[in-house]
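Notes follow once the structure below has been shown.
Please read all numbers here as calculations on a predicted model, not as lab measurements.
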Amino acid sequence: ALFLGQDRLVSSSDDGFVHIWDSRSTNYSPRISLECVSPCNRLSISHDILAVPLDNRDIRLYSSLTGEKLHVQRRAHTRAVQCTTLA
């Protein structure tokens, strides 16, 4: 999980979903859910852009504010992508 400022955090899982949570909410459900269709256990963020490397070799970029998919780099590597860093 990564913290996004004071009141939000993002989590990812082997279930293929990324969830963005609002810590001020009392309903215990994510504010935004992103279906990635492949396990995604490593995240990075910079300037409200969330990079999600996937086990299916794709890399996806999302807006952490709206959940909008900004870019998909398909089959970026020959094996599962293990990490990303936005620079």
- request: Provide the closest heavy-atom pair for Arg31 versus Ser64 in the form atom of the first, atom of the second, distance.
  value: NH2-O, 4.0 Å
task: Find out whether Pro53 and His77 are in side-chain contact, i.e. whether some heavy atom of one side chain is under 4.5 Å from a heavy atom of the other.
output: no
Any Val37 side-chain heavy atom under 4.5 Å of Arg60 side chain: yes
- prompt: Considering all heavy atoms of both residues, which atom of Ser29 and which atom of Trp21 are nearest to each other, and what is their separation?
  reply: C-CZ3, 3.6 Å
- line: d(Ser38 OG, Asp14 CG) to nearest 0.5 Å is 9.0 Å
- prompt: In terms of the angle between their ring planes, are Phe17 and His19 parallel, tilted or perpendicular, with boundaries placed at 30° and 60°?
  reply: parallel
statement: Here the gap from Asn41 atom CG to Cys83 atom SG, rounded to the nearest 0.5 Å, amounts to 13.0 Å
query: When clusters are formed from ILVMFWY side-chain contacts under 4.5 Å, directly or step by step, what else is grouped with Ile32?
result: Leu2, Leu4, Val10, Val18, Ile20, Leu34, Leu43, Ile45, Leu50, Val52, Leu54, Tyr62
Heavy-atom pair of closest approach, residues Ala80 and Arg57: N-CG, 4.0 Å
query: Hey, what do you get for CG (Leu65) to CG (Asp48), rounding to the nearest 0.5 Å?
result: 4.0 Å
field: Minimum side-chain heavy-atom gap Arg75-Asp58 below 4.5 Å
entry: yes
- prompt: How long is the gap from OG on Ser44 to CG on Leu61, to the nearest 0.5 Å?
  reply: 8.5 Å
